[in-house]
Amino acid sequence: MAAKPLKLLVVGDVDGKVKQLYKRVKKVNASNGPFDAVLCCGSFFGRDGSVDDEWLTYTAGKATVPVPTYICGPVTAAQVKHYPLSPSGGDLCTNVTFLGSASVSTLIGGLKIAVLSGTHDLSSFSSEAPDDQLNPFYTSGNVQKLIDIASTKSFKGVDVLLTSTWPDGVTQFNAQRPELPPPQQSPGARAVAAALKPRYHFAGGHAYFMRAPYRNHEEGQMPTHASRFIGVGAVGNPHKDKWLYAFNLTPMASEASATLLEQPADTTRSPYSFTGRRQQHQQPGGQAGRMPMPPRSQGPPRQLPAGQQVGLFWGANPQQMGKRRHQSGGQTSKRPLVTPDSCWFCLGSPKVEKHLVASVGTQLYLALPKGTITSGHILIVPIQHVKSTIELDEAGKKEVTRYKQALRSMFEEQGKTVVMFERNFRSDHLQLQVVPVPAEMKTPDLVKAINQTAKRHHITFDYQPKGTDLGELFDEGVPFFSVELPSGDIMVTGITTRSFPLQFGREMLCQPDVLNCLDRVDWKACALDKEGETEQAKAFKTQFRSFDPTLKS
């Protein structure tokens with residue numbers, strides 16, 4: 001005999017409006033119940049710690065919460081006072097239970113429910129917060145705890161995941177994007193969702209949104225259950241977004257295998273199927289709390305070196321750095337050490353070919369490359385010895401942005417747009433390459449050309465989450481390649497092989513469908529003599545003069 005489905009209600013941010021919540025719960029329970037549980041995936045108390053008087057009647061034992069309710073932890077410091085001191089969870093009153101900061105629990109009917117409480121605070125994520133301390137933010141330890149649970153042989157999956165905020169990139173591959181301001185970034189929620197593969201993932205902290213179901217397997221892999229993400233609105237929100245979601249669910253422990261493996265017609269790829277990762281916090285045993293990147297653009301899953309692929313970031317394991325750099329083709333002891341005096345790109349170095357310099361700012365300068373791909377091909381280069389954009393300080397990043405905007409404006413006037421790429425691999429000094437392409441070149445066509453070139457070299461690209469920078473995705477010293485498209489989207493890949501082609505950026509843009517100049521893939525084949533380079537630089541400076549931000553008052 002099949003198990004009876006559980007009847008569940010899910011609420012988003014209550015924000016202390018307990019009376020309004022349970023008035024609605026009682027009404028729904030009377031008309032469509034009885035319901036087995038209420039799950040709160042958002043902020044249960046007010047952000048300032050406030051709560052209405054009805055809550056006091058429950059905590060004083062004068063009334064009883066009508067349906068057993070399970071809640072996430074605090075999202076602000078002011079809310080901590082309402083919770084048990086232990087982050088492992090506990091009862092707040094009869095029928096209201098705090099599930100803990102990071103846990104997997106078995107509830108009524110065998111329902112497996114996981115929770116990651118709190119918001120993402122970059123300054124606190126790597127903090128060594130005591131295990132017995134309740135915080136309004138999650139730490140890398142909380143994230144890693146859930147990832148570790150998912151990696152055990154005894155793990156059989158979870159029915160429901162609750163997170164206080166939306167996971168990064170969850171709308172990727174969804175046909176319709178919510179017309180909403182972007183939610184607060186939560187890479188930890190993304191990491192946990194990618195690892196646990198919940199059947200349902202509910203999140204508060206934003207608005208109502210139901211994503212199409214997504215697969216938890218790639219082509220050629222053993223099929224598994226689909227997942228559904230649902231963002232739930234706040235109680236009594238002014239936009240009238242749905243804030244109480246009702247559904248029936250048979251726990252997976254009791255569900256028929258054939259039913260679990262069904263893939264709905266509108267199922268998409270997983271928004272978390274990305275392999276480029278950066279380690280955020282070193283854990284005992286050399287593993288790390290990590291965060292998934294955006295979805296893969298094409299190609300099968302890659303198998304990365306041990307210790308590199310577990311979760312969210314691309315990271316450098318200090319215990320294996322020497323070995324991994326050798327494996328990935330990064331700098332090894334056999335490569336001569338490049339210093340500012342011996343660098344071809346440090347502006348104060350005697351080796352700099354200054355006839356190629358086109359503009360000099362405070363921290364960066366523009367220079368023509370040797371063997372330009374096309375007219376207007378230019379480099380954005382730091383004046384000092386900086387290896388990648390990750391290592392630029394805030395002033396440097398702002399100056400990069402100013403140069404980018406100026407170059408875009410110049411090329412727009414010429415009927416062109418730009419593609420920019422960076423190769424942080426076997427390069428000792430940052431060179432951000434800016435290449436103009438015809439304005440009629442559409443982003444999908446560029447992406448297709450990039451992916452076709454990547455496929456030939458067994459390279460897989462992924463999209464960088466909007467609102468993040470490379471420094472949030474890669475540790476310093478970790479090899480990567482990035483491409484910024486005219487749309488502003490950025491494609492990235494972590495480099496894990498010594499055979500990564502050094503001319504990949506040129507090759508992808510020289511394709512017949514893009515610039516159609518395959519004879520210019522190798523810069524040495526199209527390099528000019530010094531006189532020709534000087535004339536090229538002079539022509540560029542003339543075109544750029546009215547756009548040069550260093551010449552504006």
### Query
Where does the angle between the aromatic ring planes of Phe461 and Phe481 fall among parallel (under 30°), tilted (30 to 60°) and perpendicular (over 60°)?
perpendicular

### Side-chain donor/acceptor of Arg426 to backbone N/O of Leu502, under 3.5 Å
no

### Distance flag, aromatic centroids of Tyr272 and Tyr214, threshold under 6.0 Å
yes

Looking only at side chains, do [X] and [Y] share a donor and an acceptor under 3.5 Å apart?
X	Y	value
Ser359	Tyr403	yes
Tyr365	Thr550	no
His120	Thr165	no

### Query
Of all residues at least two apart in sequence or in a different chain, which pass the side-chain contact (heavy atoms from CB on, under 4.5 Å) check with Ser409?
Phe547

### Query
Taking only residues two or more places apart in sequence or in another chain, which ones pass side-chain contact (heavy atoms from CB on, under 4.5 Å) with Lys442?
Pro444, Asp445

### Task
Take atom CD of Gln503 as the centre, draw a 6.0 Å sphere, and report whether it contains more than 12 heavy atoms from other residues, nucleotides or ligands.
yes

How long is the straight-line distance from [atom2] of [Y] back to [atom1] of [X], given to the nearest 0.5 Å?
X	Y	atom1	atom2	value
Lys397	Glu391	NZ	CD	10.5 Å
Phe474	Asn424	CZ	CG	9.0 Å
Gln511	Lys448	CD	NZ	12.0 Å

List, one per line, each side-chain donor-acceptor pair under 3.5 Å for residues 371-386, sequence neighbours excluded.
| from | atom 1 | to | atom 2 | distance (Å) |
| --- | --- | --- | --- | --- |
| Thr372 | OG1 | Gln536 | NE2 | 3.1 |
| His377 | ND1 | Ile373 | N | 3.0 |
| His377 | NE2 | Gln433 | OE1 | 2.7 |

Partners meeting side chain to side chain donor-acceptor pair (under 3.5 Å) with [X] (sequence neighbours left out):
X	value
Arg402	none
Gln79	Ser43
Ser388	none

